[in-house]
Amino acid sequence: MDNHVRVRLAPSPTGSPHVGMVRTAIYNWLFARGRGGTFIVRIEDTDRGRLVEGSVDEMLESLRWLGIEWDEGPDVGGPNAPYHQSERLGDYHRAAEMLIERGAAYRGDCPPERVEAVRKEGGGYDRKRLDARETGDSGPAVVRFAMPTEGTTVLDDLIRGEVAFENGLVDDFVILKSDGFPTYHLASVVDDRSMGISHVFRGEEWLSSVPRHLKLYEALGWAPPLFAHLPQILAPDRSKLSKRHGAVSVREYREMGYLPGAMVNFLALLGWSLDDRTEVMSVDELTRAFSLERVSRSGAMFDAKKLEWMNGHYIRQTPPGDLADALLDYWRAFPAKGIAPPPEREQVVRIVPLVRERLKTLRDAAPLIGFFFQDGVEYEAAELVQRKMDAAGTKVALSRAHDALAGLDSFDEESIESALRELAGELDLKVGQLLGSIRVATTGLKVAPPLFGTLEILGRERSLAAIIEAAGRL
RNA sequence: GGCGCGUUCGUCUAGCGGCCUAGGACACCGCCCUCUCAAGGCGGAGAUCACGGGUUCGAAUCCCGUACGCGCUACCA
């Protein structure tokens, strides 16, 4: 039973992959993986007017980046595979013809206003009146589904339970457009059937269309798949999430320095939970734990702050070597947010432990460690002078620090720390005051990685030179 | 307007009749730790469980109604 699971993600190539679409992808994927099923990506490109060049590639690239792998998709189907609906027009036309022959659909070429008008007259209207041959109207020909005017259609939704719809309230929707392309309703039903889809997980905005789909299956003589309508992802103002609310495409999050693991984990939790405490979960754990029973019914607001926290958590969990690789990859992909020229991996691996718990995103790294890779540091001389100190005192402190460090047998973190702490005592300064001056002198930053480790990595020569130069500026 | 779905701390949620004087996480506040900033530890504030009726010995949990929010109502998906 379980190995009959075949689910699909059916994106429309109309722009960048939205986080809502990605969440739907994650649920489908986790469900399939958890049950030894198949996960398919099918491109729903039936609206030629809204097609956006390159969006299929961007979509697939985003899924790949997230680690979401599909078993069948537009890149593995080969010619005539049903993965681009635009290549399967014959299927939809055949289905439409079948429906027309059975009297379940009809060709109508009168304008939409006329359809509406005839419907409003009510009382079991004769659909032939919608045909131009009868009415004398003329417009582009479309095929409409003859929706039953009586009875109730009931769906047993996997998440929401039974939902009933009055057939008479659903209009005769278009299944084949005048340009020869099918609408979503026909195309998805035909494809889900031909691809052997067992479960349809999609956004709740589709719930209202269910009676159409169920009646289509019925008229075609096909058994429908199981349905689960997922809660929506909301913007901070509870409206639908869109560009005006900030980043909505996964590409943007990638560019902002988010880790794919954090992204998947966070999105999985937007509308689903395991229990009352487990939040950080690997893909393996998610796969094992995911179940429809625990998907919530109400919409979930996209909490960027929590994503940020989770990303920081993932960064802290990442071993230094892996984090260095992630940073290098990130800088390579987005040079503007990196360090030029690209640093040596070895060097980054050494620095990473110093800043790992200070990063919320990969983007935070460059400003914090860029000085390691620059020749000189920039700062205002006044910044060297710490609280309750003056220029003269700072100058003395700096040159004494230089001497102390110069005399060290070994220029390692521990030796540096004890030397500097001792010096602070001798100068009757707070440790923070002394280190503050040295920090600015060597990094040019007021907020920087821990100083002792920083100096060790910087090395004796560079450290001493920077301190001397700073003293000279006072 | 019609139809459908939804409604527990600001946010994500736990809860599926008694364990709830409602638990966890993010955010927020305070303290501790501390070379800056973080991270971490400890503590705090924050939800009369949308509202009103029922059912029941007992309801956040079941039923009905109302309100509000969202979705659909396209030759868009």
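This structure is a prediction, so every number in the text was calculated from the model and none was measured. Just so it is clear: chains get the letters A, B, ... in the order the sequence lines come, proteins before strands, and each one is counted from 1.
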Asks: Nearest-Å distance, CZ (F181(A)) to C1' (A74(B))?
Replies: 18 Å
Asks: With a 3.5 Å cut-off and just heavy-atom distances, do the side chain of K306(A) and the base of A27(B) make a donor-acceptor pair?
Replies: no
Asks: On RNA chain B, does the nearest nucleotide to T278(A) precede the nearest nucleotide to D275(A) from the 5' side, or the other way round? Give the residue.
Replies: D275(A)
Asks: Rounded off to whole Å, could you give me the CZ-to-P distance for the R48(A) and C75(B) pair?
Replies: 17 Å
Asks: Base, sugar-phosphate, or nothing: which does Q232(A) touch, judged by heavy atoms less than 4.0 Å apart?
Replies: sugar-phosphate
Asks: Output the rounded distance in Å from CG (L269(A)) to P (G24(B)).
Replies: 17 Å
Asks: Check whether NZ of the Lys or CZ of the Arg R350(A) lies under 6.0 Å from the centre of the six-membered ring of F372(A) and within 45 degrees of that ring's axis.
Replies: no
Asks: Round to the nearest Å and state the distance from D157(A) atom CG to G4(B) atom P.
Replies: 15 Å
Asks: Given F266(A), which of Y253(A), F302(A), Y258(A), W272(A) fulfils the ring pair (Phe, Tyr, Trp, His ring centres under 6.0 Å) condition?
Replies: F302(A)
Asks: Let me know the distance between CD of E204(A) and P of G71(B), rounded to the nearest Å.
Replies: 9 Å
Asks: Rounded to whole angstroms, how far apart are OH on Y314(A) and C1' on C26(B)?
Replies: 15 Å
Asks: Could you state the atom-to-atom distance from CG of N311(A) to P of A38(B) in whole Å?
Replies: 18 Å
Asks: What's the CE-C1' distance between M281(A) and U13(B), to the nearest Å?
Replies: 11 Å
Asks: Test for a donor-acceptor pair under 3.5 Å between the base of C5(B) and the side chain of R297(A), counting only N and O atoms.
Replies: no
Asks: Just checking E378(A): does its CD atom have more than 12 heavy atoms from other residues, nucleotides or ligands closer to it than 6.0 angstrom?
Replies: no
Asks: If you assign L359(A) and L207(A) each to the RNA chain B nucleotide with the nearest heavy atom, which residue ends up on the more 5' nucleotide?
Replies: L207(A)
Asks: Can you tell whether the side chains of E383(A) and R439(A) come within less than 4.0 Å, N to carboxylate O?
Replies: no
Asks: For R50(A), which contact category applies under a 4.0 Å heavy-atom criterion: base, sugar-phosphate, or nothing?
Replies: base
